[in-house]
Asks: 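Shown below is the structure under consideration.
Residues: numbered from 1 along the sequence shown.
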Amino acid sequence: LKQAIYRFGDDPVVVGFVGRADDPQKGLNVLESAAEMIQCKNPRIRFVVVGAKEIKVKTNMLYMPFVIDSVINKFYRSFDILAIPSLCEGLPLVLLEAMSYSLPIVAADVGGISEALKEGVLVPRNAPRMLADAILDLAQSQEEMRRQGRANLERVVREFDFKDTLEAVELIYGKLLGVDKREKLAA
């Protein structure tokens with residue numbers, strides 16, 4: 001997918017963005033500014049935005065509309081780095097998804113991102129120069145990208161397992177409703 005879609009030359013470093021591109025809180029304008037700064041310093045770094053209204057190509061950016069879950073997986077697998085330049089977030093699902101694909105992540109330090117992302121690069125919100133520098137630094141080291149990706153996968157599996165989370169939520173609701181799930185199973 002990387003070579004077929006990107007026509008960006010040999011062996012690009014692909015930085016992905018997944019989110020509602022038309023939502024100003026997602027910070028796409030910050031990423032676009034960073035991409036402009038990066039273009040002259042490292043032309044191998046290319047950007048793919050998944051969540052645009054239409055397909056569009058700029059110098060070093062490809063914009064794609066949202067895709068179904070079975071296709072988004074192919075995008076995650078083709079990314080080398082995920083960027084989350086949000087101005088405001090809670091705990092974005094895209095962060096956990098990227099971690100589950102062993103991706104290194106460069107993200108704005110907003111909301112719950114710093115709680116979940118222990119192996120990644122955090123930059124202040126609305127700081128395109130710092131975002132650009134962080135992406136440039138990370139893209140120079142395949143070894144560091146692999147290390148962060150492995151650590152992210154281990155963390156998301158250990159700390160954010162869906163089954164464990166569901167069981168914890170069921171226990172909380174059970175306590176609130178006065179029903180002990182363990183008693184119900186014994187009966």
Side-chain angles (χ1 to χ4, degrees), residues 1-23 26-86 89 92-108 113 116-117 119-123 127-156:
L1 181 63
K2 188 184 276 192
Q3 292 301 324
I5 290 180
Y6 305 122
R7 7 177 295 253
F8 288 143
D10 293 332
D11 198 27
V13 175
V14 179
V15 178
F17 169 97
V18 177
R20 293 182 318 274
D22 61 345
D23 181 351
K26 297 300 178 186
L28 181 58
N29 62 326
V30 176
L31 184 62
E32 290 169 330
S33 296
E36 287 178 20
M37 294 174 207
I38 288 170
Q39 182 181 357
C40 61
K41 293 183 179 182
N42 187 339
R44 282 187 51 234
I45 299 176
R46 303 301 177 155
F47 296 82
V48 175
V49 174
V50 179
K53 289 188 177 186
E54 59 188 11
I55 297 174
K56 181 170 69 171
V57 178
K58 281 186 168 180
T59 307
N60 63 343
M61 295 189 83
L62 171 64
Y63 296 81
M64 298 293 295
F66 266 117
V67 293
I68 58 175
D69 287 344
S70 61
V71 177
I72 193 70
N73 298 336
K74 292 177 182 173
F75 280 98
Y76 277 121
R77 286 188 200 107
S78 69
F79 296 160
D80 296 302
I81 298 170
L82 185 82
I84 305 176
S86 298
E89 281 289 356
L93 181 59
V94 68
L95 173 69
L96 301 178
E97 289 173 344
M99 291 170 71
S100 75
Y101 282 93
S102 300
L103 285 172
I105 298 163
V106 178
I113 292 176
L117 185 63
E119 290 293 333
V121 182
L122 295 173
V123 298
R129 167 101 27 227
M130 294 179 81
L131 181 65
D133 289 344
I135 290 169
L136 284 163
D137 288 346
L138 187 57
Q140 289 181 9
S141 174
Q142 289 288 326
E143 184 178 318
E144 180 61 14
M145 288 172 31
R146 279 191 296 275
R147 187 193 69 73
Q148 285 185 22
R150 280 191 306 269
N152 285 338
L153 176 61
E154 290 170 8
R155 179 161 172 74
V156 79

Asks: What's the separation between atom CG in L95 and atom CG in L82, rounded to the nearest 0.5 Å?
Replies: 8.0 Å
Asks: Do side-chain atoms of N152 reach the backbone of G120 as a donor and acceptor pair under 3.5 angstrom?
Replies: no
Asks: List the atom of P85, the atom of A108, and the distance in Å for their closest heavy-atom pair.
Replies: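 That closest heavy-atom pairing would be C-CB, 4.0 Å.
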Asks: Just do the side-chain contact (heavy atoms from CB on, under 4.5 Å) check on I135 and L31 with the steps written out, would you?
Replies: CA-CA 10 Å; I135 290 169; L31 184 62; 4.3 Å; yes
Asks: Could you check whether any side-chain N or O of R155 sits under 3.5 Å from a backbone N or O of A116, counting only pairs where one atom can act as donor and the other as acceptor?
Replies: yes
Asks: What's the spacing between D80 CG and I45 CD1 if we round to 0.5 Å?
Replies: 9.5 Å
Asks: Which heavy atom of F79 sits nearest a heavy atom of L103, and at what distance?
Replies: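 It is O-CD2, 3.1 Å.
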Asks: With sequence neighbours left out, write down each residue that passes ring-ring contact (aromatic ring centres under 6.0 Å, His included) with Y101, or none if nothing qualifies.
Replies: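 In terms of ring-ring contact (aromatic ring centres under 6.0 Å, His included), with neighbours along the sequence ignored, Y101 is linked to Y76.
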Asks: Between E143 and R146, is there a salt bridge with N-O shorter than 4.0 Å?
Replies: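 Looking at E143 together with R146, the answer is no, because their closest N to O distance does not fall below 4.0 Å.
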Asks: Between the side chains of E119 and R150, is the shortest nitrogen-to-carboxylate-oxygen separation below 4.0 Å, so that they form an ion pair?
Replies: no
Asks: Is a side-chain donor or acceptor of R46 paired with a backbone partner of T59 at a separation under 3.5 angstrom?
Replies: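 Judged by distance alone, yes, a pair lies under 3.5 Å.
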Asks: Going through the distances and angles, do Q148 and L138 end up as a side-chain contact (heavy atoms from CB on, under 4.5 Å)?
Replies: CA-CA 10 Å; Q148 285 185 22; L138 187 57; 3.7 Å; yes
Asks: Look up atom CG in N60 and atom CZ in R44, then write down how far apart they are to the nearest 0.5 Å.
Replies: 13.5 Å
Asks: Using the rule given for side-chain hydrogen bond (donor to acceptor under 3.5 Å, both in side chains), can you reason through E89 versus S86, listing the C-alpha separation, both sets of side-chain angles and the distance that settles it, and then say yes or no?
Replies: CA-CA 7 Å; E89 281 289 356; S86 298; 2.9 Å; yes
Asks: Under a 4.5 Å cut-off applied to non-hydrogen side-chain atoms, are V67 and F75 in contact?
Replies: yes
Asks: Rounded at 0.5 Å granularity, tell me how far NZ in K41 sits from CG in L136.
Replies: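 Answer for the NZ-CG pair, K41 versus L136, is 6.0 Å.
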Asks: For A21 versus A52, what's the shortest heavy-atom pair and its separation?
Replies: CB-CA, 3.8 Å
Asks: What is the distance from atom OH of Y63 to atom NZ of K53, rounded to the nearest 0.5 Å?
Replies: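 Atom-to-atom, Y63:OH and K53:NZ are 14.0 Å apart.
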Asks: Using every non-hydrogen atom in the two residues, find where R20 and F66 come nearest and quote the distance to one decimal.
Replies: N-CZ, 3.8 Å
Asks: side-chain contact (heavy atoms from CB on, under 4.5 Å), that's the test. Do K26 and F17 meet it? Break it down for me.
Replies: CA-CA 10 Å; K26 297 300 178 186; F17 169 97; 3.9 Å; yes
Asks: Over all heavy atoms of both residues, which pair between P65 and V50 is shortest? Give the atoms and the distance, please.
Replies: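 Reported closest heavy-atom pair: O-CG1, 3.9 Å.
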Asks: To check you understand the geometry: which heavy-atom pair defines the closest contact between I105 and I84, and what is its length?
Replies: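 Nearest heavy atoms, I105 then I84: CG2-CD1, 4.1 Å.
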Asks: Taking atom CE of M37 and atom CG of L131, what is their separation to the nearest 0.5 Å?
Replies: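 Here the rounded value is 8.5 Å.
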Asks: Is it true that atom CZ of R147 has more than 12 heavy atoms of other residues, nucleotides or ligands lying nearer than 6.0 Å?
Replies: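 Yes.
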